[in-house]
Amino acid sequence: MTSVPSRALSDIDSFGAIDADADELLDACFQDHDAYLSVRDMRSFLIVGRKGSGKTAIYKRLVDGADSSTFPVGYSFDDYPWAHHDLQAENGVPEERRYIHSWRYLILLGLAKVLLNDDQSQPWSDESQEAMSALEAFVVDSYGSRNPDFSQLFSPEEELHFKGGLNFKAFKLDVEKLKVRELPIHIQSVNRAMQEAVLTALNPANKYLVCFDQLDLGFSVQDSQYSQRLTGLIIAARDLFVSARRQGKKLNPVVLLRDDIYQDLQFEDKNKVTENFSSRVLWSESGSGLTLRGLMESRFNETLGEGVRKVPWEDVFDESREMPGRQSKYRHICDRTFLRPRDVIKFCNEVLRTHQSASSKFDNESVHAARDAYSDYLLNELDDEMAKHVPKYRGLLEVLKSVGSEKFSLEEFAASLKLRHDVGEVAPIAALGDLFEFSVISYLKPGGRGGGSEYVWRYKDPRARFDSTVVAFRVHPGLKEALGLTR
């Protein structure tokens, strides 16, 4: 027997926001995704996922999860001293390694602040007491406080003082002070001493997380320095993650990054990082893992069940009458998403907004009425992802509009592309490849499961690659209304 919601649909305004920063239901409805568990449990340090897949939700969960034995610190875009990173760039080394030391310094200083100000277990041993004394002397002498402001760390005229600080064990720097702008000359030695002191001080019974989010803001595929900075962060995080693990310490420099940006980065051992230290944020329509149905049911519980009743999908959507094509409403909605939380939340919010029926549940008409506004939203979502990778993608969308059909052939696309002059000289198969990378289209692969054909979608299988020999394609169903397509 299903439960009856405590509140009616007409009593609520939404099922939450699509932006994690504005979502009041995020904490109550957070799902323990494996990507979150993998970094929390120190199995990986890198989280990649498409825009809107839930990376910022994971970031917020991590940085808000402090307790007596877990010490997180979070940095987001406004915190990053991009310009000062450039001052620390190490010339004469491979491009991907130019910013490793500046990121390592930043991470280690962030950890030093946590150890000096938040970790009440310190000192937990004689060795940690020596390390803590060295860190305190360095931080206080250099920045005037045990808890310096983040913006001070790379201030060009800031003076770092080493007399009495960082003379840890056998290490001794050959200068007593230097300005931050001169740090590149000595930064390897400084980092080596900082790392030795920090890793010694970390309490093996505790967890320490330094989290980096919103790294995509300001991204430009044409900016080689941006890619070098991100690569430096990933390598620095990997090195510290591995070093801490070898010493039995639970340190995780967590990097959350959009998968389209990560895909464009090139550096040595990238495949090893991907295979051994990364976790992808993926959601499924059905199965034993986390699903979009479970995500929405947690929000139904909170909004309609007032947090005390379980409210299953069928108590909100009337599944007694199928959608066209003999689809359930749940499947109909999922097919129009990129299997991301923000997509299904947006669709359900639009259904709620357009629901005019006297029925206590969402019916077919309510779902149909939501599709136009949702489709416009999904098209707008592509702007931030595609515009910087495929600058003339809007022209390619116009080509799809002129084709006019959700399903089309290579020949039809090539004919429409030939008539447009705003996309430049681009081969039809290359243009289709760009559209496939962002799941605007899929291609028909013959001989799929059960011997039949199937459409291959990049958002469903991140490992899928475009097949330049295929001739049949399909536009994502969620874009059908915004592009004015027919079947």
Side-chain angles (χ1 to χ4, degrees), residues 14-20 22-23 49-57 216 258-260 281-285 291-293 295-296 299 317 323-325 327 329-354 362 366-390 393-408 432 434-443 455-462 473-487:
S14 77
F15 298 113
I18 64 173
D19 184 351
D23 187 9
R50 190 163 184 168
K51 178 191 175 190
S53 59
K55 298 185 301 300
T56 295
D216 56 316
R258 260 176 34 192
D259 58 359
D260 58 294
V281 186
L282 289 175
W283 294 79
S284 62
E285 179 183 332
T291 65
L292 295 178
R293 179 191 292 267
L295 171 82
M296 288 312 303
R299 291 170 180 270
F317 285 83
M323 299 292 291
Q327 279 189 321
K329 292 174 184 61
Y330 176 65
R331 178 66 183 274
H332 185 86
I333 291 173
C334 284
D335 279 355
R336 283 156 177 77
T337 71
F338 288 128
L339 295 181
R340 304 181 301 188
R342 70 167 50 188
D343 295 343
V344 71
I345 293 171
K346 176 64 175 179
F347 204 120
C348 290
N349 280 344
E350 288 299 330
V351 176
L352 176 65
R353 186 181 66 82
T354 59
F362 294 141
S366 297
V367 174
H368 273 297
R371 283 175 25 174
D372 282 347
Y374 171 79
S375 189
D376 288 339
Y377 145 83
L378 196 64
L379 184 62
N380 290 333
E381 278 287 289
L382 290 170
D383 264 343
D384 195 38
E385 292 181 274
M386 287 197 71
K388 293 174 181 177
H389 294 277
V390 188
Y393 89 98
R394 287 185 176 273
L396 299 182
L397 294 180
E398 291 299 320
V399 175
L400 294 178
K401 282 185 181 181
S402 63
V403 170
S405 177
E406 186 180 348
K407 297 178 181 179
F408 62 94
L432 289 166
D434 286 336
L435 294 171
F436 171 79
E437 284 299 313
F438 292 90
S439 297
V440 176
I441 65 166
S442 62
Y443 63 83
Y455 282 98
V456 177
W457 292 100
R458 185 85 161 80
Y459 74 92
K460 290 184 176 181
D461 181 7
F473 305 90
R474 183 185 182 188
V475 177
H476 191 283
L479 299 171
K480 180 181 173 183
E481 288 76 21
L483 296 179
L485 306 180
T486 66
R487 295 200 65 86

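Positions are given from 1, in the same order as the sequence printed here. Below, all heavy atoms of this structure are taken into account, side chains as well, without hydrogens, waters or symmetry copies.
Of the possible donor and acceptor atoms, one in the side chain of Arg336 sits under 3.5 Å from a partner among the backbone N and O of His332. Side-chain N or O atoms of Thr486 include one that pairs as donor or acceptor with a backbone N or O of Gly404 at under 3.5 Å. For Trp457 (side chain) and Ser439 (main-chain N/O), no donor-acceptor pair under 3.5 Å exists by modelled atom type. Looking at Lys346, its side chain never comes within 3.5 Å of a backbone N or O of Ile18 through a donor-acceptor pair. Checking side-chain atoms of Ser442 against main-chain N and O of Tyr455 turns up no donor-acceptor pair under 3.5 Å. Between the side chain of Thr337 and the backbone N or O of Cys334 there is at least one donor-acceptor pair closer than 3.5 Å. Checking side-chain atoms of Thr291 against main-chain N and O of Glu285 turns up no donor-acceptor pair under 3.5 Å.
With respect to the salt-bridge test (charged N to carboxylate O, under 4.0 angstrom), the residues Arg458 and Glu385 do not qualify. Under the 4.0 Å criterion applied to side-chain N and carboxylate O atoms, Asp23 and Arg299 are assigned as salt-bridge partners. Using a 4.0 Å cut-off between charged side-chain N and carboxylate O, Arg342 and Glu381 make a salt bridge. Look at Glu398 and Arg394 and you find no salt bridge, because none of the NZ, NE, NH1 or NH2 atoms lies under 4.0 Å from a carboxylate O.
Between the side chains of Tyr374 and Asn349, no donor N or O sits under 3.5 Å from an acceptor N or O.
By the 30° and 60° cut-offs, the orientation of the rings of Phe438 relative to His389 is tilted.
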Show your reasoning for whether side chain to side chain contact (heavy atoms under 4.5 Å, CB included) applies to Leu378 and His476. CA-CA 10 Å; Leu378 196 64; His476 191 283; 4.0 Å; yes
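By the 6.0 Å contact criterion, CZ on Arg474 is enclosed, its count of non-hydrogen atoms from other residues, nucleotides or ligands being greater than 12.
Between atom OG of residue Ser53 and atom OH of residue Tyr459 there is a gap of 14.5 Å, rounded to the nearest 0.5 Å.
Aromatic pair Phe436/Tyr443: ring centres closer than 6.0 Å.
Residues satisfying the side-chain contact (heavy atoms from CB on, under 4.5 Å) test with Ala57, not counting sequence neighbours, are Ala20, Leu26, Phe30.
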